[in-house]
Amino acid sequence: TTTPISFVADVLFPYARANARAHLAATYHTQQTREDVALLRAQINKDLAEGVPGVVPLPPSNATDQDKVIDALVANVQAMIDADRKLTALKQLQGRVWRRGFESGEMKGEVYDDVVQALAEWDTKGIKSYIYSSGSREAQRLIFGNTADHGDLRRYLSAFFDTNVGGKKESRSYYEIWQTLGVDSPSQILFLTDVYQEATAARDAGLEVLISIRPGNAPLPEDHGFQTITSFAQISI
Ligand SMILES: CSCCC(=O)C(=O)COP(=O)(O)O
């Protein structure tokens, strides 16, 4: 919605795919990575129980052969990335891996110019903007905090929400966000998305919704019934 899909698919995901092993090996014994691995293990066990194709069982958590555990973790993480699964465990790890890329300057965030202009305008008008992404809050801060063309955009953003609040295709998540934001009515929140199922979930929770059409989006159902935009410049609040 805010960022070219090509940046996510051709830069972010391949970077995570290529660097997951190095990250896990370098940080394996840290508390943070232990927690990340525990979350991944729980997801992998759930996937195995549900018969998700391509899942590789992990050696037990007390296994002494670190390399074997990392091999299995990487195989699962790569399969999850290839299937574009929006899993909290995957997204948390991706954020950790991207940190190195952003801190070294190897990667810079990409945000559409019209999005930056809209964020700046809304900020001037006292309208607050928030991000809700399947990407982790850490990943969001990295991307919006280190853009190639506009520097640090976090000055325009009042908070970040990720899938710890629930999945983006679940109505309950939008109810939780409304409750957190503290406005009287969910209709005081405008949710912008490029994904039809997210639009439906947000609308069911009472939010106002616009669907943003950008290159590379999945096609919308013919009778989707939502107002659409092709640029944030078309939004009037
Ligand atoms: C903002 S983190 C990178 C994007 C990402 O990992 C992703 O899955 C995109 O999810 P979104 O809900 O922002 O479309």
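As the structure lists them, so they are numbered: ligands from 1, and atoms in each ligand from 1. Keep in mind the model is a prediction, meaning the values are calculated, not measured.
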Any non-hydrogen side-chain atom of F191 less than 4.5 Å from a side-chain atom of Y174?
yes

OG of S158 to CD1 of I127: how many Å apart, nearest 0.5 Å?
11.5 Å

State the atoms of ligand 1, each with its element, that fall below the 4.0 Å cut-off from a heavy-atom position in A139.
2 (S)

So, do Y15 and W98 sit near enough that their side-chain heavy atoms are less than 4.5 Å apart?
yes

Closer than 4.0 Å to some heavy atom of S134 - which atoms of ligand 1 meet that?
8 (O), 10 (O), 11 (P), 12 (O), 13 (O)

Specify side chain, backbone, both or neither for D194, according to which of its non-hydrogen atoms lie closer than 4.0 Å to ligand 1.
neither

Between L40 and V77, is there a side-chain heavy-atom distance shorter than 4.5 Å?
yes

If you measure from each non-hydrogen atom of F13 to ligand 1, which part falls under 4.0 Å: side chain, backbone, both or neither?
side chain

Minimum-distance pair of heavy atoms, taken over all atoms of Y132 and D162:
CE1-O, 3.6 Å

Return the residue, atom name and 0.1 Å-rounded distance of the protein heavy atom closest to atom 11 (P) of ligand 1.
S133 OG, 3.5 Å

protein heavy-atom neighbour closest to atom 4 (C) of ligand 1 works out as V8 CG1, 4.2 Å

Look at atom 6 (O) of ligand 1 and say which protein heavy atom is nearest, naming residue and atom and giving the distance to 0.1 Å.
K91 NZ, 2.9 Å

Give a yes-or-no answer on whether the side chains of Q31 and E35 include a donor-acceptor pair shorter than 3.5 Å.
yes

Using the ring of Y112 (Phe, Tyr or Trp, six-membered ring only), decide whether R214 places NZ or CZ under 6.0 Å from its centre and within 45 degrees of its axis.
yes

For atom 14 (O) of ligand 1, grab the closest protein heavy atom and report residue, atom and distance to one decimal in Å.
K168 NZ, 4.0 Å

Can you confirm whether L73 sits close enough to L24 that some side-chain heavy atom of one is under 4.5 Å from a side-chain heavy atom of the other?
yes

Numbered atoms and elements of ligand 1 in range of I143, under 4.0 angstrom, heavy atoms:
1 (C), 2 (S), 3 (C)

By number and element, which atoms of ligand 1 are closer than 4.0 Å to a non-hydrogen atom of K86?
7 (C), 8 (O), 9 (C), 10 (O)

If we set the cut-off at 4.0 Å for heavy atoms, which region of W98 has an atom near ligand 1: side chain, backbone, both, or neither?
side chain

